[in-house]
Amino acid sequence: MFKYVLKRIALMLMVFLIIISICFVLVKLLPNTPATQFGKDMQLIEMRREALGYNKPLIVQYGIFLQKSLLGGNWGASESLYVGQDVWDIFISKLPATMLVNVYAMLFSVPIGLLLGIYAALKKNRWQDHLISTGIMVFVSVPGFVTAFFVQYFLCHKLQWFPMQMLPGDDYFTWAMFMSLVPAILSLGFGTIAGLARYTRAELCEVLTSDFMLLARTKGLTRGQATVRHALRNSMVPIFPMIIGEFIGIIGGSLIIEQIFGIPGVGPLYIKSITSRDYNFYMLLSSFYTFIGLSANILVDLSYGFIDPRIRMGER
Amino acid sequence: MDIKNIPVEKLRFVDRNEFISDKKFETKPVSYAKDVWRRFCKNKSSVVAAVIVLLLILFAIFVPFLCANKYTESLTDTTYLQYTKLLPKNDLCVKLGIDFWNGTKKRTVNKNEFLYFGGIEAETGYTVYTDIYKENYADNSGSTNTTYYDVREDVYTKNGMIYLTLTEAEFKAIQEWQNETGVQVIFPAVNTSSFKLKSLESDANIWYQCDQKGTPQLDKDGNYQALYKKSGTDDGYNSLRIEGDDGSYRYAQVGGTSEAKSYKVRVFTYTYFQYRYGFEPSFLFGTNAKGQDILTRLASGARFSLLLAIGISVINLFIGAIYGAIEGYYGGVIDLVLERVSDVLSGVPSMVLHSLFQLHLANKVGPVWSLLFAFVLTGWIGMASRTRMQFYRFKHQEYVLSARTLGAKDGRLMFKHIFPNAMGTIITGSVLSIPGVIFGETNLTYLGIVNLESSTMTSVGTLLSGGNAFVSTYPHIILFPAIFISLLMISFNLFGNGLRDAFNPSLKGVED
């Protein structure tokens, strides 16, 4: 197992390096407009470019990038978004808002999703199941921004329960701030609830009809006992990794929801870095998203093995 | 009887003359395709979803043709800006007199506003207030200086007047049209000399005596007191005159040189629309913040999304099937290497990929092609892994072995023998990938990473993000695209699931 984990991590790092290298080369090939924040003096700009190493050959620049940014953690200064400020600092200051919204969304949606899925599986093919399944289908298919629109229109505008946008400032743990986050949490949560409930229902339905459940009932366990002790535990095997994967996704956050509800998180920063061509931000955030995606994958795979010892990953 | 010693001559064939063969089946043989079709039809929800998908596709194909008119075709028209954010109007609801979907809106206005828009109604004779629920009441929660009215106003006529500067030919053309149809477009010029504020002079809706803030001053019967211009010349206006005109009103302010005269006229946006585009303004889905007809924009956006999605899934089907077939058929080292390649590609986050493509390729080949390339670059991986699984499943079966023994080459084995068996999964896979592509495309255009907006083209995502600023004031701008995309996604998913169950009944109920 340990060997397998090591192998996976090594492979992941390799893939990460390849992607980042491709990214780096492609970004460097783009026309790099000289930063004009130090005035229009071409000589000054040229000096600055020289100092930052922009005039060196690509391969040397790549070496500097690997050494300074990837290993040293110095990702340079912002060129156009937050002129002159350190990219890494800005990124770190944006992270809490993203994490907060997503943690709330997870805390709210995981239990509900699980419960709905379990309930639907227990009531299979009855009206409760049909109702929940229809809801699941709708919320799995409907894109997040549509849900966000309906939440914003009905809850924020018509009923006026919540403000339309997240409150400004960084008092993240006040009641007013929480209330202003609720629409975003709801919009994020519906999709997760639906996905989780669908998965749980399908998994549990399969387990409930398996032979060992019949055995459990014949042994004399009541339906409740058999369900909780045998069916649920077994059905959790594939569901748990999924939840773990979602938790990793928290850090990545949701680009669109953050954009709509004005959450000062990482998502809008990334989009702004693309539209305003701030390459230092772009490199940092691209590496960040790539890393998050790859490590989520790995964690999901590995957690199968930890949860259910019968599953040996990587075996033939 | 002694069985052991039966004499030979006593033995005879039971049915020497009959030809023994299996009985023919009395039922008709059911082919695989027919079986799939039967199973699919059994699933009511997927059939309904398939019908909806078909309707939406027809909508996307035909609406841009059928609803094309002078308004939607005049793509760079600046007069669009006069007709922004008009509410959806359904002629059926107007006829039936239902206060819903008829281009009207319930609103509470204060007295000044009430009189201001009432002025349009008084001058043109077109109804602005289709309903007045509560008149002239004091509201303590509001301002105490004014009284309020609960009204239902028609946003199409409420648009009111604008000033236009016309050339002589245009001026003449409008007059001719007025004479032909008897509809008043040009209204008399206003004598603005008594206005204190400059902003009042440029407001074409004020044609009456008012105080310095623009509040109408009514006479003792409650009528507006007209302030039409009677001096000067309007040179060449000999068309319809408004009611109560004794011939002294001037209809244009003439400027420019004597060779190229310009006519500044007050036109009523509602009838001017009729003159210019040949029909009364009425938009089934309303207009957006740029004044474009949402119905046709949505349909052309949908057409683009569907075309892109179907195109991409066909390309992915080809690449993925060939790649997966090679992986699965040869296995071993080839499989290992090819798998690593797709591993690396699938590790690239889609946002990073798309933004890179947009940064690099969009200037060279246009945003559409770079979008397509970006989708294709990682899109085929799912298809390849699906095909690979199928190939692993079938390649050791006896029929493949016998075909190989008979001397079939690799290519023939792959695409003639194994591939048809994997067809079901592959088709289902490509149908199910279509909503994914539409979702991705909508996301990217919504976020503005990909910009497809032009006068002839748009996408559903752009329409949605364009309406985002008006969620509370004009929700219809975002509502119709939102409904469309939701309906499309739901029905595509249901349809795909039904197809999967039909092709592989053993997978029924298993999600993904």
Side-chain angles (χ1 to χ4, degrees), chain A residues 11-12 14-16 18-19 22-23 26-27 29-31 124 134 136-138 140-150 152-153 156-158 164 195 198-199 201-203 205-206 252 255-256 259-260 267-268 270-271 273-275 277 279 282 285-294 297, chain B residues 45 49 340-341 343-361 363 435 438-440 442-444 446-451 460-461 464-465 467-468 471-473 475 478-479 481-494 496-497 508-512:
Chain A
L11 209 65
M12 173 196 138
M14 199 186 80
V15 171
F16 176 73
I18 293 173
I19 294 172
I22 295 172
C23 247
L26 286 178
V27 165
L29 286 179
L30 283 170
K124 197 183 176 188
T134 316
I136 287 173
M137 197 63 220
V138 169
V140 161
S141 312
V142 170
F145 44 80
V146 174
T147 330
F149 158 62
F150 283 111
Q152 228 177 12
Y153 184 70
C156 306
H157 173 62
K158 281 278 170 195
M164 290 285 259
R198 172 161 94 154
Y199 215 75
R201 179 186 169 275
E203 227 21 82
C205 277
E206 210 182 296
L255 291 156
I256 286 183
Q259 185 98 329
I260 292 176
Y270 186 55
I271 292 160
S273 81
I274 297 167
T275 45
R277 310 278 148 99
Y279 298 134
Y282 181 75
L285 296 178
S286 293
S287 324
F288 170 68
Y289 281 119
T290 312
F291 188 76
I292 293 292
L294 290 174
N297 259 348
Chain B
S45 64
R340 290 291 82 75
V341 173
D343 259 3
V344 171
L345 279 177
S346 67
V348 187
S350 64
M351 239 6 124
V352 175
L353 181 78
H354 280 283
S355 53
L356 271 178
F357 266 76
Q358 285 303 317
L359 289 173
H360 256 278
L361 267 177
N363 297 331
I438 296 177
F439 183 75
T442 318
N443 264 347
L444 290 165
Y446 185 90
L447 288 171
I449 292 178
V450 181
N451 185 14
V460 184
L464 281 162
S465 67
N468 217 16
V471 169
S472 52
T473 44
I478 203 168
L479 177 69
I483 289 178
F484 176 83
I485 196 83
S486 312
L487 210 58
L488 189 70
M489 299 297 280
I490 294 171
S491 45
F492 247 119
N493 277 336
L494 273 178
N497 283 353
K508 194 161 183 161
V510 181
E511 307 292 352
D512 293 325

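On a predicted model such as this, the values are computed, not experimentally measured, just so you know. Just the heavy atoms: all of them, side chains too, but no hydrogens, waters or symmetry mates, feed the values below. Just so we're on the same page: letters track the sequence lines, and every chain starts at 1.
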To the nearest 0.5 angstrom, please state how far the CG atom of B:N468 sits from the CD1 atom of A:I260. 5.0 Å
Sort out for me which of B:L359, B:L488, B:I449 touches chain A most, counting heavy-atom pairs under 4.5 Å. B:L359
Examine whether an atom of B:L494 lies under 4.5 Å from a heavy atom of chain A, and if so say whether it belongs to the side chain, the backbone or both; otherwise answer neither. both
Identify which part of A:I19 has an atom lying under 4.5 Å from any heavy atom of chain B, answering side chain, backbone, both or neither. side chain
B:F357: which residues meet the ring pair (Phe, Tyr, Trp, His ring centres under 6.0 Å) condition with it, sequence neighbours left out? none
Could you tell me the separation between the OG atom of B:S486 and the CZ atom of A:F150, rounded to the nearest 0.5 Å? 6.0 Å
By ring pair (Phe, Tyr, Trp, His ring centres under 6.0 Å) - contacts of A:F16 (at least two apart): A:F291
Name the member of B:G347, B:S45, B:S355 that forms the most heavy-atom pairs with chain A at distances under 4.5 Å. B:S355
Passing option when A:V146 is tested against B:T442, B:L479, B:I485 for side-chain contact (heavy atoms from CB on, under 4.5 Å): B:I485
How many angstroms lie between OG in B:S346 and CG in A:L294, if you round to the nearest 0.5 Å? 8.0 Å
Which of A:N297, A:T290, A:V15 touches chain B most, by non-hydrogen pairs under 4.5 Å: A:T290
How close do A:G144 and B:F439 get, counting heavy atoms only, and between which atoms? N-CE1, 4.4 Å
To the nearest 0.5 angstrom, please state how far the CG atom of B:N493 sits from the CE atom of A:M137. 4.0 Å
Tell me, side chain or backbone of B:P435 under 4.5 Å from chain A's heavy atoms, or both, or neither? neither
With a 4.5 angstrom heavy-atom cut-off, which part of A:T275 approaches chain B: side chain, backbone, both or neither? side chain
Among A:P268, A:C205, A:P143, A:S286, the residue with the most heavy-atom pairs under 4.5 Å to chain B is A:P143
Any idea which heavy atoms bring A:L11 and B:R340 closest together, and the distance? CD2-NE, 4.1 Å
Give the member of B:S491, B:A482, B:P481, B:G467 that has the highest number of heavy-atom pairs under 4.5 Å with chain A. B:A482
Of all of A:L285, A:V140, A:V142, which one pairs up most often with chain B through heavy atoms under 4.5 Å apart? A:V142
Less than 4.5 Å to any heavy atom of chain A: does that hold for the side chain of B:N451, its backbone, both, or neither? neither
In Å and rounded to the nearest 0.5 Å, what is the CG to CG distance from B:L356 to A:L26? 5.5 Å
Close side-chain approach of A:I274 to B:M351, heavy-atom, < 4.5 Å: no
Heavy-atom closest pair (A:I256 atom, B:Y446 atom, distance to 0.1 Å) is CG2-CE2, 4.0 Å
Atom group of A:C156 that falls short of 4.5 Å from chain B, counting heavy atoms: neither
Contacting moiety of A:I22, where chain B heavy atoms sit under 4.5 Å: neither
Proximal component of A:I18, with respect to chain B [non-hydrogen, under 4.5 Å]: side chain
Say whether, by atom type as modelled, one donor and one acceptor occur between the side chain of A:Y289 and the main chain of B:V348 under 3.5 angstrom. no
Per-residue contact mode, A:F145 against chain B (heavy atom under 4.5 angstrom): side chain
